[in-house]
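Residue numbers run from 1 in the order of the sequence given.
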Amino acid sequence: MTPPKHRFRPKSITLSSVDEIEKEEKEIVFQLQPIDENEIPPPCVIGRPIRSPVEKSEISRIFADFLTFNVPKLTAIIYAEFDKDYGPTVRYQARRREGGGAVPENKQAISKETFNSFSALILPKEDLLNSSRMIKVIFKECKIIGHPIGLDCPTYPRGRHIFNMCFIVPKDSSADCMYEPLVQKLNEYLVDMEQECFFLTKRPEDVKGLMNQIFDKVNEKGECVIKVTDLTTMHLRLCPAYRGVEPPVVSLYMVPMLIRKIRTEEYDRIIEKMDVLSQKIIPEIDGVRSLFRCVREIAMKVSIDADLVLRCVRNLIFYECVQLVPLLLYANTYVATEKLHPFYHDQTLIQECLDFVGLQGSEVNPKYSDVFRLYLSLRCGMTLRKWVEAYDPRSYGVDERRFIQFGMFHRFLRKLSVYPLAKNRISCTGKLSRACDGTQSIEDLAVAHSIQPEILLELLTESNRFEFICK
């Protein structure tokens, strides 16, 4: 069975050598020519085939429910300020309440004696006020996260109001970094409201009510939207993907896969919250079809600058909605990894695999013994095209594209790419030869020059001017 042809083709251009690729580069224009949509099977999502075109009710299966993810729980929220008579003090506390009433004195998260032992850290000297640095105190069984603020105004008793609204999490929690942006943003909101209407110093009941609302909603949903004053509506959201690091750099030639689900009834509301760019990009990331659709082609499909699409995809990665996999090419080589061994005993994952890799329209249902044997048969030195010709996975009811996608997604497989290296780079004058420096793979170069990777590899080999590294 002949595998589908590569999605990128040079338009009305026949190439027979590397020199032709580099000759008159300014006059030769390569264009992306999409193949017939009939050559690609209907899209699918891991474990759930869907129809084409993508419908709202079906693309809604792609996301995870944003409202019920496992939110790390807050222990309490405290509001500390420098009192003109008593010095540093905890003015208000919000924590879980029985019957919705106030927190009893004997059940407060931080007692007066405990607070006095580290109050100098929560309400520090002037050097640490209003800075971009967060304050984190680890004390006994808890962590206190704060962002101290000092406001100067002649109406205050001491000419300055120093405060800090802090979040408290368990000491053994690894999620404290997830709350840091919220703490900083919350205290910035409080600065605006204090300057607007002396919210902190003259409206104590409103401050306590606000703290209770934030505590309840953040613990319940991981987000809250609260209208506090006529000019201020507070928007706070706990980012489930925040780990204190930047998301990975996205290449134009990587393929994004949606990995989260969303309830159908929540689809419209959640999509409306997304920016316009995300609303255009998400329908183009649709399962098996997207294995042939890298970020660059998505940008062309939606007619948006590729750099903007890259930023949007990075944002989706940050929120754990998207995972990147290499562009599926039949010239690629795939090999099994050690993670294939646990897969052998995982009955849930086995069933999910069989449901996903099945060939649509085939009367043959895939068997796990055949699927596992096919994974083991992938080896170095055999491209995917040669593997398909040798093992004919479709005779077992297995779609090789879904088969590879599932393996890459769960890290059962890894891709080996061929990296061409020009033997004499000093004398290289053409754009393609200069690009062959051992850092760009054949598929990257093929997409950049709109030529099938098999043809490009053949031309580079015949020119005898390049060495090849497989890794």
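- Rounded to the nearest 0.5 angstrom, Y419 OH and T439 OG1 are separated by 9.0 Å.
- Contact check for C197 versus R203: side-chain heavy atoms found under the 4.5 Å cut-off.
- A 4.5 Å side-chain heavy-atom check between H410 and K339 finds every atom pair outside the cut-off.
- Looking at K125 and D127, no side-chain N of the basic residue comes within less than 4.0 Å of a carboxylate O on the acidic one, giving no salt bridge.
- Taking the six-membered ring where the residue is Trp, F406 and F412 present tilted rings, their angle falling between 30° and 60°.
- With sequence neighbours left out, the side chain to side chain donor-acceptor pair (under 3.5 Å) criterion links S303 to no other residue.
- Aromatic ring centres of H341 and F343: separated by at least 6.0 Å.
- Under the side-chain contact (heavy atoms from CB on, under 4.5 Å) criterion, S362 pairs with L359, V364, not counting sequence neighbours.
- By the 6.0 Å and 45° rule, K202 stacks over the aromatic ring of F198.
- Looking at L252 and C294, their side chains never come closer than 4.5 Å, going by heavy atoms from C-beta outward.
- What you find for L236 and L182 is that their closest heavy atoms are CD2-O, 4.2 Å.
- The CD1 atom of I144 sits 9.5 Å away from atom CZ of F115, with the distance rounded to the nearest 0.5 Å.
- Residues passing the side chain to side chain donor-acceptor pair (under 3.5 Å) test with D192: none are found, sequence neighbours excluded.
- Salt-bridge formation is not detected for the pair E220/K217: no Lys NZ or Arg NE/NH1/NH2 atom is positioned less than 4.0 Å from an Asp or Glu carboxylate oxygen.
- Side chain to side chain, T229 and E196 meet the donor-acceptor criterion of an N or O pair below 3.5 Å.
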Verdict with reasoning, Y375 to F403, per ring-ring contact (aromatic ring centres under 6.0 Å, His included): CA-CA 9 Å; Y375 274 127; F403 174 83; 4.0 Å; yes
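- In this structure, a donor-acceptor pair under 3.5 Å is absent between the side chains of N332 and Y330.
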